[in-house]
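Each remark here refers to the structure printed beneath this line.
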There are 2 protein chains.
Amino acid sequence: MPNPRSHDGPTLASVAQRAGCSPITVSRVLNSPEIVSPELRERVIAAAAELSYHVNVAARTLASIRTNTVGVILPSLTIHIFTDVLRGIYDGVRDTNLRVMLGNSHYDQNEEERLIREFLGQKPAAMIVSGIEQTASSRRMLEAAKCPVIQIMDLDDDPIECIIGFSHFDAGYQITRHLVEQGYRRIGFMAGWVNKRSLGRLNGWRRALEEAGIYDPARVLADMTDDRLIDPSAPDDLRYGDPSSALHGRMMLRKLLAVDGGIDAVFCNNDIFAVGALFEAQALRLRVPEDLGIAGFNDTDLVRASHPPLSSLRTPRYEIGLRAAGEAVCRLDQNSRTPAIIDLGIEVAVRTSTMRPQASG
Amino acid sequence: MPNPRSHDGPTLASVAQRAGCSPITVSRVLNSPEIVSPELRERVIAAAAELSYHVNVAARTLASIRTNTVGVILPSLTIHIFTDVLRGIYDGVRDTNLRVMLGNSHYDQNEEERLIREFLGQKPAAMIVSGIEQTASSRRMLEAAKCPVIQIMDLDDDPIECIIGFSHFDAGYQITRHLVEQGYRRIGFMAGWVNKRSLGRLNGWRRALEEAGIYDPARVLADMTDDRLIDPSAPDDLRYGDPSSALHGRMMLRKLLAVDGGIDAVFCNNDIFAVGALFEAQALRLRVPEDLGIAGFNDTDLVRASHPPLSSLRTPRYEIGLRAAGEAVCRLDQNSRTPAIIDLGIEVAVRTSTMRPQASG
DNA sequence: AATTGTGATGATAGCGCTATCATCATGAAA
DNA sequence: TTTCATGATGATAGCGCTATCATCACAATT
């Protein structure tokens with residue numbers, strides 16, 4: 001009777017036996033094939049194929065100290081921004097031997113800290129974490145980590161090691177500048193719920209308006225800083241709903257139009273809000289862009305196809321994920337931990353929704 | 001000098017030493033605390049906390065045969081449907097000791113087979129795979145797997161073991177019946193690109209129309225069965241774009257309106273197409289629902305907020321993920337492998353976009 | 001012929017954990 | 001008292017792999 005603790009699958013030893021060599025040689029064929037003679041190598045490969053052998057990752061990890069797992073911690077899987085990033089990361093580790101271990105912090109810094117602790121306990125090959133809002137203790141753990149640590153999505157702070165993203169301040173500033181240049185004067189900001197990144201955009205919006213002498217704090221709407229948006233006990237409508245739903249966009253536009261003096265343009269913190277605002281404008285029979293300019297954020301497919309097409313700010317979400325994975329691979333290859341701030345840039349995508357006829361500006 | 005191969009972190013042995021007991025007792029505190037005396041247990045927990053000990057997952061896996069990893073294989077991370085499912089899965093394994101290992105097959109059955117082989121090689125605790133379109137060899141491997149295998153998203157076939165989803169045929173049938181009941185007679189189907197699931201919906205659409213005696217095969221648009229949609233070498237516009245973009249919806253509506261006899265309503269294979277169709281209708285100054293009825297699929301946030309709100313078919317995407325994870329946990333607990341077909345049901349969400357004034361019906 | 005280097009392969013000893021069996025008090029039942 | 005069950009803890013032996021060092025044939029160099 002065979003050892004009951006053993007797996008049933010073939011092991012290095014069984015491949016070795018079949019190929020007529022020692023287990024360690026099989027290991028070499030797997031890990032550094034160039035140092036094994038061609039004939040033996042072929043024999044081993046054939047034997048492995050015949051037995052449909054697959055390495056036991058746990059055993060390899062245990063024996064070799066290094067793992068091939070990249071820990072990724074994102075604040076949400078609901079918000080499409082982060083699934084775009086995630087897709088980039090997965091595409092970035094394709095054709096490498098790296099695995100992704102994903103954690104969802106649900107925008108909870110304590111949960112994030114827990115995940116960081118747990119992931120670091122597994123000695124990951126690299127860590128990719130979103131943003132710069134970690135707790136002090138999370139930050140300390142990441143700084144002490146013996147692997148590349150890559151922060152993503154943000155820029156404006158001193159990174160732990162490598163940070164890949166874009167300036168949210170610039171993003172808010174540039175899209176707002178565009179609205180100012182189009183002649184809009186009462187420009188609102190539909191922030192939704194405010195985190196560090198949104199705050200950067202808000203400050204960019206504010207700066208652009210202050211420079212033009214038309215800043216009015218009443219025109220920012222951030223009162224959705226509301227636990228219901230992320231609280232699992234919230235009513236179904238919001239719980240299953242995207243916290244950035246188009247319905248919120250509609251509601252917020254109504255509120256902004258109702259503030260003293262109203263608004264003649266709105267910068268929406270994401271494209272979904274913007275589409276919601278567009279629908280609300282249609283419902284109110286406001287002409288876009290004549291009566292109301294609408295600008296989105298992220299430049300997703302949707303706003304290219306709307307009627308009228310919406311201006312937006314293109315953010316390199318997929319590219320951030322791809323590059324983050326690439327940096328991880330590269331830093332592992334070169335065993336380097338050089339600090340780096342990688343700005344993947346942004347771009348204002350100008351479309352009809354903000355092309356105000358100059359006559360009326 | 002310590003063993004250079006060893007990790008630097010604390011091990012079971014160091015915790016044991018600090019707690020003044022043997023390593024195996026520490027292991028017991030971790031795995032079945034109830035069999036250790038309260039005092040010793042407390043001492044061990046305290047020692048572990050002081051050293052901030054974390055188990056070495058690789059060592060545990062190697063020693064215990066069983067892993068705590070659930071392999072999940074999805075065909076896409078681009079399509080929001082699957083990220084909804086993914087979110088459900090992650091929420092479903094929260095507060096369990098299960099990990100998720102995610103693979104993206106990019107709608108490629110060979111890639112899927114590769115992933116299945118690789119994942120099974122790691123003796124996962126369970127497997128969750130999307131759909132029923134596996135290759136024969138994939139199917140064989142999954143059937144032979146020594147772990148619960150849960151298929152999701154579909155229903156209409158004999159499952160490997162447990163399948164969780166809904167009937168795509170019924171879905172297509174019900175939403176089309178609704179359109180028929182509203183008095184629409186030239187009802188198109190905007191399929192986009194056809195896989196097994198879309199085909200089910202198409203057949204449902206067809207059946208409903210045949211029953212009403214108004215089926216016309218010219219009114220289905222499925223010519224986007226186009227490799228560019230999933231080919232990484234496609235032009236940027238499509239590559240980075242969602243293969244179910246609203247722009248496709250706009251294009252397809254134009255095509256459907258141009259077929260002989262035109263259409264007076266359209267069932268769109270997803271909500272994004274439907275919103276695109278709505279925008280196109282707006283651009284063409286077609287009144288919705290009077291001139292054109294529009295129905296979407298999935299009932300996402302977006303269609304609730306559009307102007308007019310779009311009817312859609314609610315699909316339990318998040319719930320499928322949640323339940324799949326739940327089934328995995330449950331089957332592991334009970335060590336059962338009972339066949340099960342779990343229909344999570346669908347619902348027609350009727351909104352303005354298909355409420356045709358009966359006078360004109 | 002002796003020495004050295006090189007390239008290919010093998011032997012050995014763990015990596016940190018858990019399955020299994022062994023031990024040893026303790027108290028209840030005979 | 002003896003026996004036996006029970007509960008708590010320990011000792012031992014791997015899980016399947018790789019790091020490290022050892023070996024050995026063979027060719028090149030002195």
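In what follows, chains are A, B, ... by sequence order, proteins preceding strands, each numbered from 1.
- Using modelled atom types and a 3.5 Å distance limit, the side chains of B/Arg60 and B/Asn68 yield no donor-acceptor pair.
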Stepwise side-chain hydrogen bond (donor to acceptor under 3.5 Å, both in side chains) test for B/Ser105 and B/Glu111:
CA-CA 5 Å; B/Ser105 72; B/Glu111 175 74 359; over 6 Å; no
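- The side chain of A/Ala63 has D/dG16 as its nearest neighbour among D/dG16, C/dG10, C/dG16.
- Judged by distance alone, the side chain of B/Ser76 and the main-chain N or O of B/Ile79 form a donor-acceptor pair under 3.5 Å.
- Following rounding to the nearest Å, A/Lys123 (NZ) and C/dG16 (C1') show an atom-to-atom distance of 12 Å.
- Between the C1' atom of D/dA13 and the CD1 atom of B/Ile24 lies a distance of 11 Å, rounded to the nearest Å.
- A sub-4.0 Å separation between OP1 or OP2 of C/dG16 and a side-chain N or O of B/Thr11 is absent.
- Side-chain N/O atoms of A/Thr25 include one lying less than 4.0 angstrom from OP1 or OP2 on C/dG10.
- Fit an axis to the five pairs at each end of the helix from C/dA1-D/dT30 to C/dA30-D/dT1 and the two axes sit 50° apart, to the nearest 10 degrees.
- Between atom SG of residue A/Cys162 and atom CD1 of residue A/Ile342 there is a gap of 4.0 Å, rounded to the nearest 0.5 Å.
- Here D/dC17 is the nucleotide among C/dA11, D/dC17, D/dA11 with the atom lying nearest to any side-chain atom of A/Asn56.
- Side-chain atoms of B/Gln109 come within 3.5 Å of backbone atoms of B/Glu133 as a donor-acceptor pair (strictly under, hydrogens ignored).
- Scanning residues 28-53 of chain A for heavy-atom distances under 4.0 Å to DNA chain D yields A/Arg28, A/Asn31, A/Tyr53.
- At least one side-chain nitrogen or oxygen of B/Ser27 sits closer than 4.0 Å to the OP1 or OP2 atom of C/dT18.
- The shortest non-hydrogen separation linking B/Ile81 to B/Met153 is CG2-CE, 3.7 Å.
- Annotation: side-chain hydrogen bond (donor to acceptor under 3.5 Å, both in side chains) contacts of B/Arg197 (sequence neighbours excluded): none.
- Distance CD (A/Gln122) to P (C/dG16): 15 Å, rounded to an integer number of Å.
- For the pair B/Leu62 CG and D/dC15 C1', the interatomic distance rounds to 4 Å; values are reported in whole Å.
- Per the geometry, CG belonging to B/Leu12 stands 15 Å off P belonging to D/dA11, to the nearest Å.
- Between C/dT18 and B/Ser64, no contact under 4.0 Å exists linking OP1 or OP2 to a side-chain N or O.
- Between A/Glu112 and A/Arg117 no salt bridge is recorded (no basic side-chain N to carboxylate O distance below 4.0 Å).
- If you find the closest nucleotide of DNA chain D to B/Gly20 and to A/His54, the one lying nearer the 5' end belongs to B/Gly20.
- Ring geometry for A/His80 versus B/His80: interplanar angle under 30°, hence parallel rather than tilted (30 to 60°).
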